[in-house]
Amino acid sequence: MAGHEADVIIVGAGLSGLFAARTVLAAGLTPLILEADERVGGRILTEEVLPGLPVEIGAQWIGDTHHRMFALADELGVETFPQYDEGETTYELAGSPVLRGDEFHRRFGGELAELTTVLRLLDELAAEVPPEAPWRAPRAQEWDAITAGAWYDGQGLSPVARTLLEICTVGILAVPTVEVSFLHLLFTIQTCGVTAELFAESEGGAQTTRFVGGTAEIPNRLATLVESHLVLDAPALLIEHATDSVTVHCRGGRSARGRRVIVAISPMLAGRLMYDPPLSGYRDQLTQRMPNSAAMKAFFVYDEPFWRADGFNGQLISDVGPARMSNDTCIPGDDHGVILMFLEGEQARTHGHWSQEERQAALTAELVRHYGDKAAHPVAYVDGEWGSRQWTRGCYNANCGPLVWTTYGPALAEPIGVIHWASTDTATQWSAYMEGAVESGERAAREVIEALG
Ligand SMILES: Cc1cc2nc3c(=O)[nH]c(=O)nc-3n(C[C@H](O)[C@H](O)[C@H](O)COP(=O)(O)OP(=O)(O)OC[C@H]3O[C@@H](n4cnc5c(N)ncnc54)[C@H](O)[C@@H]3O)c2cc1C
């Protein structure tokens, strides 16, 4: 690729970069995608845990309002199927033994009502946050000066309601609520619609639908449409930019020259590239303050989904852990039972350092508490840690701590000369999700197409 020329250089072949490339190509411009890894897809990664049994180490679901993703799947011929959602959730909270959903609702009805009230209030406040410019919310300064955790603590909630709220929120942000600003939480809610879309106790909202063959079918098929414009194993290191041209230098002395560049990687990784001339201190201060969060998924495979026969939906909620939530993630037409355990925030940070055997043992003990001894005998196990992956360095997404949005927010997606920014973390609808990745790729491509006439 040395000396390669294209109209638009794209750094990163995740969903946002691939979608941007496809859009640029459709507009009659030539893209060139430089991907650091030996595969496309980035935070989307499907692996076979047993022959013919795919599991999603990365992104798994879409929800009913992920219209761009439904359209893309349709266009690419990737079929979908609904998430299994029958039976009771089990709860292990506030020192109680594991309770079935019915019993939990009977015992803790008052606490659950408190939660409903807080979620309604969150929806009302989030409606005041413009997702394209959260710093312009009428109370932006006030909300950005406190953490989501501090705001939760101020609501006078009972311990059970407060714990449930923490579990649900960490399930979305993948960091403890003391690490994100309250404005960031409201922004997240607003980009997704309402809390019901995000915090559904049973599956719903963002997690209604899966892809036949695995989510990686989406980036893999998208990549075939831009195959001759894609270079794998090409980590960008330095972006030299001038008024009307750009050269991206990659590891190994390779380079590519274009008229514009779309940097389709998370803000923190974008901040680790070198720029010549250097970008403003303002932009750099932003990328120093948008760390990626921490989440892991662990899959247990059994001969059959025995929990279904016992009336369980495979979802657990626990403040004991290590997983705070789980999911039935079986594949229709395959007899195996598959349970997915989520490690998020501190749980991912701590258990990510353990050996796989230790992690599996701790998670097995939790499953046994919820579903009995049958859970002790999986036929296969796999998990995926993201913090140590060089080209991701944490997931699900980037979060803003206090005073980041109001101080540096405008630098997130605003082009700088010939440099444009994509990645789901820059999206205004379903930021952090695949839907947001597509939106951001589409937006960045549109900017470039307009700029190049
Ligand atoms: C465990 C997990 C579970 C998730 N679950 C869901 C879900 O159920 N539903 C959902 O909608 N979303 C989910 N997500 C989020 C979803 O995966 C992301 O929103 C989306 O895939 C992000 O796409 P992107 O293009 O913005 O970024 P990325 O996927 O991060 O793509 C960036 C690409 O750039 C490459 N790259 C990095 N640095 C360089 C460099 N220097 N030079 C060249 N290339 C580089 C990377 O290798 C990568 O391919 C999940 C993510 C994870 C990790």
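Note: hydrogens, waters and symmetry copies are ignored here, and every other heavy atom, side chains too, is used. Order of listing sets the numbers, starting from 1, for every ligand and every atom in it.
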Purely on distance, is any nitrogen or oxygen of [X] under 3.5 Å from one on ligand 1?
{"X": "Gln60", "result": "yes"}
{"X": "Glu35", "result": "yes"}
{"X": "Tyr433", "result": "yes"}

Fill in: Ile62 to ligand 1, any heavy atom closer than 4.0 Å
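Checking ligand 1 against Ile62, which is what was asked, there is no heavy-atom contact under 4.0 Å.
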Item to complete: Check if Leu15 has a non-hydrogen atom at a distance under 4.0 Å from any atom of ligand 1.
Response: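 Yes.
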Closest protein heavy atom (residue, atom, distance) for [atom]:
{"atom": "atom 31 (O) of ligand 1", "answer": "Gly14 CA, 3.3 Å"}
{"atom": "atom 26 (O) of ligand 1", "answer": "Thr424 N, 2.8 Å"}
{"atom": "atom 41 (N) of ligand 1", "answer": "Ala236 O, 3.1 Å"}
{"atom": "atom 36 (N) of ligand 1", "answer": "Ile265 CG2, 3.5 Å"}
{"atom": "atom 21 (O) of ligand 1", "answer": "Ile44 CG1, 3.5 Å"}

Between [X] and [Y], does at least one N-O distance fall below 4.0 Å, as a salt bridge requires?
{"X": "Arg22", "Y": "Glu75", "answer": "yes"}
{"X": "Arg251", "Y": "Asp233", "answer": "yes"}
{"X": "Arg43", "Y": "Asp425", "answer": "yes"}
{"X": "Lys297", "Y": "Glu56", "answer": "no"}
{"X": "Arg324", "Y": "Glu346", "answer": "yes"}

Report the part of [X] (side chain from C-beta onward, or backbone N, CA, C, O) that has a heavy atom under 4.0 Å from ligand 1; answer both or neither where that applies.
{"X": "Leu273", "result": "side chain"}
{"X": "Ile57", "result": "backbone"}
{"X": "Trp386", "result": "side chain"}
{"X": "Lys297", "result": "side chain"}

Of all the atoms in ligand 1, which lie at a distance below 4.0 Å from a heavy atom belonging to [X]?
{"X": "Pro235", "value": "42 (N)"}
{"X": "Leu34", "value": "43 (C), 44 (N)"}
{"X": "Tyr396", "value": "1 (C), 2 (C), 3 (C), 4 (C), 50 (C), 51 (C), 52 (C)"}
{"X": "Gly42", "value": "29 (O), 48 (C), 49 (O)"}
{"X": "Ser423", "value": "26 (O)"}

Which is closest to [atom] by heavy-atom distance: [options]?
{"atom": "atom 11 (O) of ligand 1", "options": "Met434, Arg43, His66", "result": "Met434"}
{"atom": "atom 8 (O) of ligand 1", "options": "Trp391, Phe19, Trp61", "result": "Trp61"}
{"atom": "atom 34 (O) of ligand 1", "options": "Ala36, Gly58, Gly12", "result": "Gly12"}
{"atom": "atom 4 (C) of ligand 1", "options": "Gly17, Ser16, Ser431, Ala59", "result": "Ala59"}
{"atom": "atom 23 (O) of ligand 1", "options": "Gly41, Ala437, Ala295, Cys250", "result": "Ala437"}
{"atom": "atom 15 (C) of ligand 1", "options": "Ala432, Ala264, Ala422", "result": "Ala432"}

Fill in: CE on Met434 to NE2 on His66, rounded to 0.5 Å
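Rounded to the nearest 0.5 Å, the NE2-CE separation comes out at 8.0 Å.
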Practice prompt. First locate atom CD1 of Ile339, then atom CZ of Phe312, and finally report the distance between them rounded to the nearest 0.5 Å.
Written response: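 So the gap between those two atoms works out to 10.5 Å.
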Worksheet item: Between Trp421 and Arg283, is there a cation-pi geometry (under 6.0 Å to ring centre, at most 45° from the normal)?
Response: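 Satisfied, under 6.0 Å and within 45°.
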Item to complete: Apply salt bridge (Lys or Arg N to Asp or Glu O under 4.0 Å) to Glu366 and list each qualifying residue two or more places apart in sequence or on a separate chain.
Response: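 None.
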Show me the donor-acceptor pairs, under 3.5 Å and distance only, between side chains in residues 223-232 and residues at least two apart or in other chains.
from   : atom 1 : to     : atom 2 : distance (Å)
Thr224 : OG1    : Arg221 : O      : 2.6
His229 : ND1    : Pro31  : O      : 3.1

Item to complete: Please name the residue in the list Asp123, Thr191, Leu125 that meets the side-chain contact (heavy atoms from CB on, under 4.5 Å) test with Leu186.
Response: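 Of the listed residues Asp123, Thr191, Leu125, the side-chain contact (heavy atoms from CB on, under 4.5 Å) partner of Leu186 is Leu125.
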Worksheet entry | Heavy-atom check, side chain of Arg254 versus side chain of Leu237, under 4.5 Å |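 No; the side chains remain at least 4.5 Å from each other.
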Worksheet item: Does Ala422 offer a backbone N or O that forms a donor-acceptor pair with the side chain of Ser440 under 3.5 Å?
Response: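 No, Ser440 side chain to Ala422 backbone: no donor-acceptor pair under 3.5 Å.
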Worksheet item: Where does the angle between the aromatic ring planes of Phe300 and Tyr381 fall among parallel (under 30°), tilted (30 to 60°) and perpendicular (over 60°)?
Response: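 Rings of Phe300 and Tyr381: perpendicular, as their planes differ by over 60°.
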Discussion item. Centroid separation under 6.0 Å, is that true for the rings of Tyr282 and Tyr408?
Written reply: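 Judged by ring-centre distance (under 6.0 Å), Tyr408 and Tyr282 do meet the cut-off.
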